[in-house]
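Contents: one structure, followed by commentary.
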Number of protein chains: 2
Amino acid sequence: MFSIGEFSKASGLSVKTLRFYHERGLLVPAATDERSGYRYYDGRNLEKAGVIRALRKFEFSLEEIAAILEDCDDDQDAAEYLQRQRKILEGKSRHYRDLVQRIDQVMQLQREAREIVVFNRESQEIEERFVQPQIVAGLRIKGRYQDCGKVFSKLAKRVGRHISGKPLCLYYDGEYREEDADFEPCFPLRKSVAVNEFDVRTLPGAACVILLHRGPYDTLGESYARVFEYAKHKGYEIELPTREVYLKGPGMIFRGNPKKYLTEIQVPIRQET
Amino acid sequence: MFSIGEFSKASGLSVKTLRFYHERGLLVPAATDERSGYRYYDGRNLEKAGVIRALRKFEFSLEEIAAILEDCDDDQDAAEYLQRQRKILEGKSRHYRDLVQRIDQVMQLQREAREIVVFNRESQEIEERFVQPQIVAGLRIKGRYQDCGKVFSKLAKRVGRHISGKPLCLYYDGEYREEDADFEPCFPLRKSVAVNEFDVRTLPGAACVILLHRGPYDTLGESYARVFEYAKHKGYEIELPTREVYLKGPGMIFRGNPKKYLTEIQVPIRQET
DNA sequence: TTACGGCCTCCAGTAACGGGAGAGTCAAGC
DNA sequence: GCTTGACTCTCCCGTTACTGGAGGCCGTAA
């Protein structure tokens with residue numbers, strides 16, 4: 001017979017825990033002194049304590065442990081319980097692994113954003129460039145420009161695995177619209193994947209007039225004016241849809257500082273054939 | 001301005017949660033009606049709610065989130081916090097993965113035990129067989145036979161990855177001893193691994209008189225008597241150490257029913273050269 | 001007798017909420 | 001102006017598996 005302190009050392013369970021298990025009926029001491037209330041444990045208690053400890057290691061709840069102790073005398077009897085717990089634990093492992101991946105994604109985006117900022121530190125000028133064709137997944141909608149963000153997060157959830165570059169948006173109107181704007185948020189993909197609900201296709205290459213817009217989205221209008229002015233001056237004919245590539249926008253967690261946003265405006269121009 | 005119910009739908013946080021965050025000072029409504037106590041939320045609140053939700057997904061505690069909201073305006077600012085959290089989450093993922101592996105081990109042992117029982121259903125007889133050499137990790141001690149279990153769990157913890165068969169024990173005394181018995185619990189290994197504290201070596205093969213003992217360990221004596229009797233009858237000379245292989249003993253969780261234990265007694269005999 | 005350590009019970013606190021009681025508030029319909 | 005029903009308020013309890021602490025009893029040794 002052990003006193004509770006001795007039994008605590010023998011079993012590896014704290015005195016508090018032993019009292020708690022007693023209260024819960026999980027591990028009832030072999031004897032209790034009626035007068036003093038002292039608990040006394042025996043060898044059978046020790047064995048049971050070992051089983052409880054083993055099951056706690058597998059993170060069974062005390063309730064489940066009580067059930068297992070009720071049902072089982074043998075590892076074999078506990079197989080079902082173990083199988084179930086295995087599934088749960090595997091789920092948790094996967095869950096945490098996914099979270100780690102998500103954090104890695106966030107940090108990857110940060111690195112890219114930093115590089116873009118450094119790389120484009122002084123570019124302010126309009127340029128002409130051929131934009132290469134790319135595979136994209138898009139969802140064309142009619143609505144207000146603010147809805148864009150929601151569509152992006154929806155897209156990211158479904159094709160997140162295959163994204164290969166910065167988000168972009170196609171604008172089919174050729175002018176600014178408060179409501180009923182016709183546009184298509186897109187993600188470039190590494191390879192073509194069939195995702196129902198979204199339009200996955202190759203976005204053709206195009207010669208474009210390009211301007212890197214710095215600052216919040218509500219000043220995009222001024223930059224568009226500069227681009228259109230330039231195109232007109234050069235006598236170019238504009239082809240729809242125009243494109244915006246969001247090189248640095250709101251972060252995945254914080255909105256960030258809109259003054260630091262970088263958006264590339266790409267206006268395709270008709271080529272003489 | 002949203003009422004708490006509207007804001008709950010907009011933010012995806014429950015009304016209860018919003019009240020709780022208010023109490024904790026994490027997300028204070030833009031205005032509260034002094035008279036009625038009604039909470040009213042605005043767009044900035046909505047943005048903050050989004051950040052909190054994003055951080056909760058990464059399982060930051062509310063306390064940490066408060067600190068992050070204090071410190072950061074931008075994903076970049078949060079990089080350190082994310083890095084730290086990443087480590088924690090990775091640790092948890094590994095933890096659960098390890099538990100799954102441990103459960104798999106338990107169930108693997110169960111399967112083996114079941115097969116052994118089925119396979120040896122009717123073997124009761126003494127036989128002679130050559131036991132193949134094998135790589136083992138052992139720890140030779142002097143003490144009482146009951147200490148065996150502790151040594152096995154110690155061994156299992158250190159070389160668990162490389163175990164390739166049933167635990168066995170070498171007995172150097174050639175007779176039963178209450179105290180100061182000289183014996184060596186061993187695990188067979190797939191390959192030789194250096195583990196300090198333990199003796200890893202190749203246990204030589206040996207021609208043995210073998211008997212499968214059924215039942216609890218305290219009746220092993222009778223089986224030994226049979227084996228020695230047989231050896232004497234045949235005129236064999238016994239070589240130490242003798243071996244016991246624990247084909248089915250206590251489970252990894254439960255002690256199980258000792259009447260079902262299976263132990264192979266192997267007594268090496270000298271070969272004429 | 002006193003001291004000291006061990007043991008007892010009871011209460012409170014943990015993290016992040018959810019449930020529910022009982023009461024006050026708001027907007028709409030009559 | 002009144003009622004109704006939906007909404008909101010505060011306050012308290014419960015969750016899990018314990019840990020910490022207060023205040024007091026018990027047992028043994030000096």
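Residue numbers begin at 1 in each chain, while the letters A, B, ... track the order of the sequences. Please read all numbers here as calculations on a predicted model, not as lab measurements.
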I need the [atom1]-[atom2] distance between [X] and [N], as an integer number of Å.
X	N	atom1	atom2	value
E6(A)	dG27(D)	CD	P	14 Å
Y40(B)	dC26(C)	OH	P	6 Å
H22(A)	dC8(C)	NE2	C1'	12 Å
I65(B)	dC17(C)	CD1	C1'	13 Å
F20(B)	dG14(D)	CZ	P	18 Å
L13(A)	dT19(D)	CG	P	10 Å

Donor-acceptor pair present, Y38(B) side chain and dC26(C) base, under 3.5 Å: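 Counting by modelled atom types and ignoring angles, no donor-acceptor contact under 3.5 Å is found here.
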
From [options], pick the nucleotide closest to the side chain of [X]?
X	options	answer
S36(B)	dC18(D), dC26(C), dA17(D)	dC26(C)
I4(B)	dG18(C), dT8(D), dC10(C)	dT8(D)
S3(B)	dA17(D), dT8(D), dG6(C)	dT8(D)
K16(A)	dG21(D), dT8(D), dG20(C)	dG21(D)
S14(A)	dT19(D), dC8(C), dA16(C)	dT19(D)
R19(B)	dA17(D), dC26(C), dC9(D)	dC9(D)
L62(A)	dC8(C), dT8(D), dA17(D)	dA17(D)

Heavy atoms under 4.0 Å, any strand shown: does [X] hit a base, just sugar-phosphate, or nothing?
X	answer
R56(A)	sugar-phosphate
Y21(B)	sugar-phosphate
R35(A)	sugar-phosphate

F58(A) and F60(A) aromatic ring geometry - parallel, tilted or perpendicular at 30°/60° bounds: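 Answer is perpendicular, since the angle exceeds 60°.
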
Geometric class of the Y261(B)/Y217(B) ring pair [parallel <30°, tilted 30-60°, perpendicular >60°]: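 It falls in the tilted class, 30° to 60°.
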
R86(A) bridged to E90(A) by N-O distance under 4.0 Å: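 So R86(A) pairs with E90(A) through a salt bridge.
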
Distance test, side-chain N/O of R39(A) to OP1/OP2 of dC8(C), below 4.0 Å: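 Yes, such a contact exists.
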
Pairs flagged by salt bridge (Lys or Arg N to Asp or Glu O under 4.0 Å) wherever residues 37-62 of chain A is involved - sequence neighbours left out: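 Only E47(A)-R255(B) qualify under salt bridge (Lys or Arg N to Asp or Glu O under 4.0 Å).
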
Within 6.0 Å of CD in E112(A), more than 12 heavy atoms from elsewhere: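 Result for CD/E112(A): enclosed.
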
Of D33(A) and R24(A), the one whose closest DNA chain D nucleotide lies more 5':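 Mapping each residue to its closest nucleotide by heavy atoms, the 5'-most match is R24(A).
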
